[in-house]
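Single-structure report; data block below.
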Amino acid sequence: MESLEALVAHIQGLSGSPDEVAHLHNLLKQADGDSLRAHAAALVPFLGHLSPGAHSLGYLYLLEACATSGANLREFGGGDFLVTMADFLTACSADQIRLAPDKFLNVCRVLKDQVTQLNAPIRGIAPLRAAVRKIQASPEQLTPVHADYLLLCLLAKQYKAGLSVLEDDIFEVDQPKDLFLYCYYGGMIYIGLKKFPKALELLHNAVTAPMPSLNAIAVEAYKKYILVSLIQNGQVPSFPKYTSAAAQRNLKNHAQIYVDLCTSYGNGRYSDLETFVESNAAAFQSDNNLGLVKQVLSSMYKRNIQRLTQTYLTLSLEDIARSVQLETPRDAEMHVLSMVTVLSTACLSIQKNGTFCLS
């Protein structure tokens, strides 16, 4: 390999026209690999002589060699290497970095791993959001960066930030794993925002997507799909015909406790469901689903009240409290009032005489 000084000079001089960049790309590929990684520590000072925006392709080669060298990135140059990576992802030229997409994805992955290890996921959100747009050939393309970006949004509890990519219409998928992770993480973000219909759409896609064999992501998505279906609709629909045979045969076996929860929910007895949840709390907690399970438990009051109104036109608050196993009429009133804000198909009112009617 020629000297690092000469390589950097080539990067500075051949980052203008497309023909120059193509020639530079050939030179960089010749210098690439173990040779560059072996000089990782020496590469960092040279990054200071390059512009992330003007010399994006060359900068990417040097940056990726540093990032994937296996060295302690925080020791590079005595500065914050994370800032260097973040600034590059934000400022780089999309046209140039798309010539070496694998290297660009490596830098994104290393940044995601580093901020996660530092327990500072919020530091990676803006750079990876920019990276998504840089690497996409079109707004309809799903990239591996999508899932990493959504994961950081989840870890940082910055759910609204995830909407910047979730609101795109995706029609181009290269790798099935990218789709499963995008739907799973996206579903979790919508759960965090209490947008359960949107969450169901994405989790449904993860559960019913084509798969030659069952994968762990689909299993975890199915568990949450059951819980969100109960919260939103009070029931879990059957698998549609287009669901893969592998999913239809095996998903329930890998989520039996959730299937049993669904059965208990369908019986409509709050005390039985509460006992089931308490008995299996450790299992739900190990799946990080206990919070959702408690929302399922709470939603049973709403479902039981709705069932009552299908039978009776007028009920006292005492009748409601007794029928759905609430402690006091005041508790029944609170649940009914909360339903007023979410039900759009019925008009619910608390009358002066303490009765509840559906009109």
Side-chain angles (χ1 to χ4, degrees), residues 1-2 4-33 35-37 40 43-44 46-69 81-112 114 123-150 152 161 164-175 178-179 182:
M1 185 185 80
E2 61 184 337
L4 293 178
E5 291 83 356
L7 184 61
V8 171
H10 286 315
I11 294 171
Q12 291 171 328
L14 296 173
S15 296
S17 69
D19 288 341
E20 289 177 340
V21 173
H23 179 50
L24 172 64
H25 196 195
N26 289 329
L27 295 176
L28 290 168
K29 286 189 286 187
Q30 294 174 16
D32 190 29
S35 297
L36 277 180
R37 291 188 183 87
L43 292 175
V44 176
F46 287 102
L47 291 174
H49 299 290
L50 300 174
S51 164
H55 310 120
S56 298
L57 182 61
Y59 201 108
L60 174 60
Y61 266 76
L62 301 189
L63 186 66
E64 191 264 353
C66 295
T68 59
S69 66
F81 194 70
L82 281 178
V83 174
T84 301
M85 288 192 290
D87 288 347
F88 172 76
L89 295 179
T90 302
C92 65
S93 162
D95 290 337
Q96 289 194 32
I97 60 95
R98 286 177 192 164
L99 296 174
D102 290 343
K103 293 188 176 299
F104 187 77
L105 294 176
N106 283 344
V107 172
C108 292
R109 188 192 71 250
V110 171
L111 177 69
K112 182 263 295 183
Q114 288 294 308
R123 294 182 60 182
I125 289 178
L128 286 196
R129 180 169 55 231
V132 167
R133 301 311 181 195
K134 297 290 177 68
I135 197 63
Q136 275 183 310
S138 76
E140 298 176 347
Q141 182 188 23
L142 183 67
T143 75
V145 186
H146 278 79
D148 287 343
Y149 173 71
L150 293 177
L152 293 185
S164 62
V165 300
L166 288 173
E167 291 177 346
D168 292 339
D169 293 323
I170 299 296
F171 297 107
E172 302 172 22
V173 179
D174 294 329
Q175 298 296 326
D178 296 338
L179 177 64
Y182 172 82

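Since this is a predicted model, take the numbers as computed values, not measurements. Numbers here simply count residues along the sequence, with the first being 1. Because only heavy atoms are used, hydrogens play no part in the values below, and waters and symmetry mates are left out as well, while side chains stay in.
- If you run side chain to side chain contact (heavy atoms under 4.5 Å, CB included) between C92 and each of I97, L57, D87, only I97 comes through.
- Here the side chains of L105 and V145 are in contact, with some heavy-atom distance below 4.5 Å.
- Between Y61 and H25, the ring planes are perpendicular. Angles over 60° get that label, and only those under 30° would be called parallel.
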Starting from the C-alpha separation in whole Å, work towards a yes-or-no answer on side-chain contact (heavy atoms from CB on, under 4.5 Å) for Y59 and I11.
CA-CA 8 Å; Y59 201 108; I11 294 171; over 6 Å; no
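- Using a 4.5 Å heavy-atom threshold, the side chains of L14 and L27 count as touching.
- Between Q96 and S15, the shortest heavy-atom distance links the atoms NE2-O, 3.7 Å.
- Heavy atoms of other residues, nucleotides or ligands lying less than 6.0 angstrom from CD of E140 number more than 12.
- The two residues L28 and G58 have their closest heavy-atom pair at CD1-CA, 3.8 Å.
- Here the side chains of K112 and L152 are in contact, with some heavy-atom distance below 4.5 Å.
- Between A130 and T90, the shortest heavy-atom contact is CB-CA, 4.1 Å.
- At least one donor-acceptor pair under 3.5 Å links the side chain of Q12 to the backbone N or O of H49.
- Panel note: side chain H146, backbone T143; a donor-acceptor pair is recorded below 3.5 Å.
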